[in-house]
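Atoms within each ligand, like the ligands themselves, are counted from 1 in listed order. Throughout, numbering of the chain's residues begins at 1 and tracks the sequence.
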Amino acid sequence: AEPFIPRGAHTGETVSQFIRRRLGQEVLDTAMDAFVSGTLASDPDLAEAQSVLPRLTALEQRYGSLTLGMFINKVVKRRHANTADTFSFSGGMEQLALALADTPGITLRTGVQANRILQQHGGWSVRGSIGGQPTQTWTEHLVLGTPADTSSQLLEDTDSTLSRLLAGIEYAPVGVLHLGMKSSNIRQQLDGTGFLVAKHNQLTFNGNLWMSTMFPHRAPPGKALLSSYVGGVRHPDQLQQTDEELTDNILRSLRPLMKITGEPDFVRIRRHAKGLPLYHGQYRARLAQIASHTNALPGLQLCANYIGGVSIRERIFQGRMTAHAIAVQLQRELAARGRQRLLTTSH
Ligand SMILES: Cc1cc2nc3c(=O)[nH]c(=O)nc-3n(C[C@H](O)[C@H](O)[C@H](O)COP(=O)(O)OP(=O)(O)OC[C@H]3O[C@@H](n4cnc5c(N)ncnc54)[C@H](O)[C@@H]3O)c2cc1C
C-alpha cells in the first residue's frame with residue numbers, strides 16, 4: 001500500500017513521524033529505531049528525517065513513494081554499482097590519514113592546536129600553539145574540519161551569529177566496549193554483522209557488531225571480537241559506569257543472547273564524551289543558516305560530520321566535494337587574475 005500514500009513531509013518532520021507515515025509503526029519499532037540509535041547514537045523521535053535519511057526522504061519527494069523509488073534506483077544502480085558496501089583499513093583508521101599525508105604536494109603539520117582564526121589580508125590567519133609555543137599561519141583558503149563547538153569558538157570574533165549556530169549543535173556521548181574471546185566460547189553462530197538494539201528490546205547498549213566476522217584481520221585465528229556500542233542519546237548515563245561495571249553489565253546481557261561461556265581474554269573500552277553530532281530539531285534549517293553565513297566569508301569552508309553525514313564514507317565524499325569546490329574557485333580566481341593582467345598590459 002506504501003506507493004499509494006500521498007506525499008506529506010513538513011519542515012522538521014522527525015524520523016519517527018516520517019517512517020510511521022510512510023511505512024508504519026512496526027517498521028519504526030523493529031528496524032528504524034534500532035538503526036537510528038545503534039548507528040547514529042540518536043533518537044528517532046528527535047532526529048530530523050530529511051537530515052538523517054536524506055535518500056529515503058528524497059525518494060518520497062521525487063517518486064512519491066519509497067518502494068517505487070527504491071525499485072527504480074535499484075535497476076539504475078545495478079548498472080553503475082562499483083563500490084563495496086562495507087570497507088575497513090587493515091592497519092586501522094590511521095591508515096586513511098597516513099595515506100593522505102603521503103600524497104605528493106601535501107605538507108602535514110600535526111600537534112597544532114588552533115585557538116583563533118581571523119579574516120586578514122584577503123585570506124585567513126590561523127593562530128594556535130604547538131608544544132606550548134604560539135604559532136601562526138596564513139592561507140587564502142581555509143577548511144575547518146573541527147567539531148562544531150571548536151569551530152564555534154574559532155569563529156567567535158569573525159561572525160558571532162555563525163558561532164552561535166554552530167554552538168547549538170548537540171553531540172551524544174558514545175562508548176565502545178571491545179570483547180575478545182575464544183570463538184569456541186560463543187555458541188551463537190557469528191555468520192552476520194551483528195545486531196542493533198531497538199527501544200523495546202530493553203537492553204542498555206545500542207548494538208553489538210561482530211567485528212572479526214566483518215573484518216577477519218581484526219582477531220587472531222580461533223578468536224572472535226565483539227564490539228558493543230554504548231551511550232548515545234538513549235543511554236548517556238551508561239558511560240558514567242566504571243570499566244568493570246560496564247564490562248560486567250554488557251557481558252551479562254550478551255551471555256544469554258550469544259550463548260557465551262567463559263571470560264573474555266581481551267577487553268578494551270573507548271569513551272568519546274562528544275562522540276557524534278545529533279541532527280536534531282530543524283537541522284536542515286540550521287545548516288541552511290550556517291551555509292548562508294559561511295558563503296559570506298570568502299575562502300572559508302566547513303567540512304565535518306555535523307554537515308552531510310557522520311559515516312566515513314560520507315566524510316570521504318564530502319571531503320572530495322570540498323576540495324573540488326576550492327579547485328573550481330581557484331581556477332576562477334586564476335582566470336580572473338589572468339584577465340586582469342591582460343587588461344593592464346593592453347592599456
Ligand atoms: C565510537 C565511534 C564509532 C564510529 N564507528 C564508525 C564506523 O564504524 N563507520 C563509520 O563510517 N563511521 C563511524 N563513526 C563516525 C566517524 O568516525 C566520524 O563521524 C568521523 O570520523 C568524523 O570525521 P570528521 O572529519 O568530522 O572529524 P574527526 O575525524 O573527529 O576530525 C576532527 C579533527 O579535528 C581536530 N581538532 C579538534 N580541535 C582542534 C583544534 N582546536 N585545533 C586543531 N585541530 C583540532 C581533532 O584532533 C581531529 O583530528 C564512529 C564514531 C564514533 C565516535
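Donor-acceptor pairing under 3.5 Å is recorded for the side chains of Q136 and S125. For D159 and H293, the side-chain atoms include at least one donor-acceptor pair closer than 3.5 Å. Side-chain contact check for T137 and R109: no donor-acceptor pair (N or O, by modelled atom type) lies under 3.5 Å. Between the side chains of Q289 and S292, no donor-acceptor pair is found at a separation under 3.5 Å.
Of all atoms in ligand 1, numbered sequentially from 1 with element shown, those under 4.0 Å from a heavy atom of I312 are 10 (C), 11 (O), 12 (N), 16 (C), 17 (O), 21 (O). The contact set between ligand 1 and P147, taken as ligand atoms under 4.0 Å from a residue heavy atom, comprises 37 (C). For ligand 1, the atoms sitting less than 4.0 Å from at least one non-hydrogen atom of Q113 are 41 (N), 42 (N), numbered in the order shown with element in parentheses. Within the listing of ligand 1, atoms 1 (C) sit less than 4.0 angstrom from a heavy atom of H272. Atoms of ligand 1 found under 4.0 Å from any heavy atom of V112, numbered from 1 in the order shown, are 42 (N), 43 (C). The distance from ligand 1 to the heavy atoms of V176 drops below 4.0 Å at these ligand atoms: 1 (C). Within the listing of ligand 1, atoms 18 (C), 19 (O), 22 (C), 26 (O) sit less than 4.0 angstrom from a heavy atom of N305. Of all atoms in ligand 1, numbered sequentially from 1 with element shown, those under 4.0 Å from a heavy atom of A304 are 26 (O).
Below 30°, between 30° and 60°, or above 60°: for F215 and H217 the angle between ring planes is between 30° and 60°, a tilted geometry.
What sits closest to atom 8 (O) of ligand 1 on the protein, heavy atoms only, is Y229 OH, 4.6 Å. At the shortest separation from atom 2 (C) of ligand 1 among protein heavy atoms lies V174 CG1, 4.4 Å. Scanning the protein for heavy atoms near atom 36 (N) of ligand 1, the closest one is T146 CG2, 3.7 Å. Residue, atom and distance of the protein heavy atom nearest to atom 41 (N) of ligand 1 are A114 O, 3.0 Å. Looking at atom 50 (C) of ligand 1, its nearest protein heavy atom turns out to be L276 CD2, 4.6 Å. Nearest protein heavy-atom neighbour of atom 53 (C) of ligand 1: G275 O, 3.6 Å. Looking only at protein heavy atoms, the nearest one to atom 16 (C) of ligand 1 is V310 O, 3.3 Å. Looking at atom 33 (C) of ligand 1, its nearest protein heavy atom turns out to be G145 O, 4.1 Å.
Proximity of P277 to V310: side-chain heavy atoms (C-beta onward) are separated by under 4.5 Å at one or more points. Contact annotation: the side chain of M258 approaches that of L190 to within less than 4.5 Å [non-hydrogen atoms, C-beta and beyond]. Contact check for K199 versus D45: side-chain heavy atoms found under the 4.5 Å cut-off.
Proximity of atom 21 (O) of ligand 1 to the protein is indicated by at least one non-hydrogen atom lying closer than 4.0 angstrom. Closer than 4.0 Å to atom 29 (O) of ligand 1 lies none of the heavy atoms of the protein. Counting protein heavy atoms under 4.0 angstrom from atom 4 (C) of ligand 1 gives zero. Within 4.0 Å of atom 14 (N) of ligand 1, not a single protein heavy atom is present. The nearest protein heavy atom to atom 47 (O) of ligand 1 is not closer than 4.0 Å. Protein heavy atoms are found inside the 4.0 Å sphere centred on atom 26 (O) of ligand 1. Of the protein's heavy atoms, at least one falls inside 4.0 Å of atom 11 (O) of ligand 1.
Ion pair R255/E263 flagged as a salt bridge, since at least one NZ, NE, NH1 or NH2 atom sits closer than 4.0 Å to an Asp/Glu carboxylate oxygen. D33 has a carboxylate O that lies under 4.0 Å from a charged side-chain N of R234, or vice versa, which qualifies the two as a salt bridge.
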Report, one line per pair, each donor and acceptor closer than 3.5 Å where one atom sits in a side chain of residues 322-332; sequence neighbours left out.
from: T322; atom 1: OG1; to: Q318; atom 2: O; distance (Å): 2.9

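For Q120, the CD atom counts as densely surrounded, since its 6.0 Å shell holds more than 12 non-hydrogen atoms of other residues, nucleotides or ligands.
At least one donor-acceptor pair under 3.5 Å links the side chain of S183 to the backbone N or O of G222. In this structure, the side chain of T294 engages the main chain of I290 through a donor-acceptor pair within 3.5 Å.
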